[in-house]
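Written out below as structure tokens is the structure these notes cover.
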Amino acid sequence: MKGNYVLGIEGTAWNLSAAIVDEKNVVIEKTATYKPRAGGIHPREAAQHHASHITALLKNVLCYASENNITLDAVAFAQGPGLGPCLRITATAARTISLSCNIPLIGVNHCIAHIEVGIWKTEAEDPVTLYVSGANSQVLAYRGKKYRIFGETMDIGIGNALDKFARAAGLEHPGGPKIEKLARSATHYVQLPYTVKGMDFSFSGLTTACMESLKNGELLPDVCYSFQETAFAMLVEVTERAVAHTGKKEVLLAGGVGANKRLVSMLQIMCDERGIDFYAPEKRYMGDNGTMIAHLGYLQYKAGDTTPIEKSAVNPNFRPDEVTITWKHPQHRQ
Ligand code: AMP
Ligand code: MG
């Protein structure tokens, strides 16, 4: 088949996922999801999960490609940020495919992949992005060949904060969706600490305060509601200030917590009031997925931005603002 095809492999944390994309379409995506037996994500167990599923998963995707006469042009993998043991499994698989098929290897930044898939799958062109996932919470925008971080969490990501509180309240992992559901039957707001310092925010004190409120007799739905209202207000405030500072006319929501309807509606209200556009891709592109890695791999491949094996070591703390954007961005045309 004509066109360029890139395979992308994601496995930074709970979701092992591989996809092939071309310029416009997702050709195939296959996923194997790790579910902790108890508690939260255990890095070694998650890596064990990925190791035991990756061969079958990739076989499935590669057989589909060969049955449909699709020849891969490159293989991309998430080089970080993420859990070290998990990152190493997918990096090893990607290096193996690169060497055995003699195609370029492309290490991509997982956070930037969230942004780029959002831009690809919505009408957004040059947004301020609120990226809210399990481990990460950042407000980013493009400026001068980089995705700059305008604000970020000073401790844990909002998803992990929600999951941690949910676990303490006896709810199963992942807790975010359960908290959202319980919040709908709340009757009142419980006072909680609101922590925004400069352009950064913090969630671990909020999680502890929620646990204390439960111990003090507040009802779970009320605490869930108050947690969401407080944390999301912090995120929306910083996003709005990044919009005001950069003068951008779009906001994009990315990351697994972006599935939350209350967060979506708060961002929509802020954008409506400012007269700017709000975009959120469909849910399958919000949480971690192979398509986003394949798509960013595709952009980097077209820009000739590939990764030699000797520079393909994983980086659990890989920050998006370390990456120089080599591919076409709407601002490059200015
Ligand atoms: P990611 O790391 O981007 O795949 O996102 C995973 C995180 O998203 C987990 O912490 C989940 O609890 C959280 N999450 C998923 N759905 C929701 C939801 N509806 N509301 C809040 N958090 C959610
Ligand atoms: Mg993510």
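If you're wondering where the values come from, they're calculated on a predicted model, not measured in any experiment.
With hydrogens and angles ignored, the 3.5 Å screen pairs no side-chain donor or acceptor of Asp222 with any backbone N or O of Ala186. A distance-only check finds no donor-acceptor pair linking the side chain of Ser137 to the backbone of Gly157 [under 3.5 Å]. A donor-acceptor pair under 3.5 Å is absent between the side-chain atoms of Asn60 and the main chain of Ala56, judged by distance alone. Looking at Asn25, its side chain never comes within 3.5 Å of a backbone N or O of Val27 through a donor-acceptor pair. With Thr307 contributing its side chain and Gly107 its backbone, the two residues share a donor-acceptor pair below 3.5 Å. At least one donor-acceptor pair under 3.5 Å links the side chain of Asp155 to the backbone N or O of Ser204.
Side-chain polar atoms of Gln79 and His110 form no donor-acceptor pair below 3.5 angstrom. Between the side chains of Asp288 and His114, a donor-acceptor pair is found at a separation under 3.5 Å. Inspection of the Asn15 and Glu10 side chains reveals no N or O donor paired with an N or O acceptor under 3.5 Å. With 3.5 Å as the limit, one finds a donor-acceptor pair spanning the side chains of Tyr189 and Thr230. Side-chain polar atoms of Thr31 and Ser17 form a donor-acceptor pair below 3.5 angstrom.
Using a 4.5 Å cut-off on side-chain heavy atoms (C-beta onward), Ser202 and Lys197 make no contact.
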Practice item. Apply the test side-chain contact (heavy atoms from CB on, under 4.5 Å) to residues Phe232 and Val257: give CA-CA distance (whole Å), side-chain angles for both, the deciding distance (0.1 Å), then the verdict. Key: CA-CA 10 Å; Phe232 296 167; Val257 182; 4.3 Å; yes

Exercise for review: Please report the C-alpha distance between Glu23 and Asn4 in whole Å, then the side-chain angles of each, then the deciding distance to 0.1 Å, and finally whether the side-chain contact (heavy atoms from CB on, under 4.5 Å) criterion is met.
Suggested key: CA-CA 7 Å; Glu23 186 186 2; Asn4 293 120; over 6 Å; no

**Study point:** Verdict with reasoning, Val251 to Asp277, per side-chain contact (heavy atoms from CB on, under 4.5 Å)
**Key:** CA-CA 6 Å; Val251 168; Asp277 294 320; over 6 Å; no

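Other residues, nucleotides and ligands contribute more than 12 heavy atoms inside 6.0 Å of the CD atom of Gln268. No more than 12 heavy atoms of other residues, nucleotides or ligands shown are found within 6.0 angstrom of CD on Glu123.
Here Tyr225 and Phe227 keep their ring centres 6.0 angstrom or further from each other.
Among residues two or more places apart in sequence or in another chain, the salt bridge (Lys or Arg N to Asp or Glu O under 4.0 Å) test is passed with Arg148 by none.
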Kindly list each side-chain donor-acceptor pair under 3.5 angstrom involving residues 84-104, sequence neighbours excluded, with atom names and distances?
| unit_1 | atom_1 | unit_2 | atom_2 | d |
| --- | --- | --- | --- | --- |
| Thr90 | OG1 | Leu87 | O | 3.2 |
| Thr92 | OG1 | Arg88 | O | 2.6 |
| Arg95 | NE | Ser312 | OG | 2.7 |
| Arg95 | NH2 | Ser312 | O | 2.9 |
| Thr96 | OG1 | Thr92 | O | 2.6 |
| Ser98 | OG | Ile103 | O | 2.8 |
| Ser100 | OG | Thr96 | O | 2.9 |

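Nearest heavy atoms, Leu192 versus Ser213: CD2-OG, 3.9 Å. What you find for Pro36 and Ile41 is that their closest heavy atoms are CG-N, 4.2 Å.
Legend: salt bridge (Lys or Arg N to Asp or Glu O under 4.0 Å) pairs involving residues 228-245, not counting sequence neighbours, sorted by first then second residue: Glu229-Arg262, Glu237-Arg241, Glu240-Arg274.
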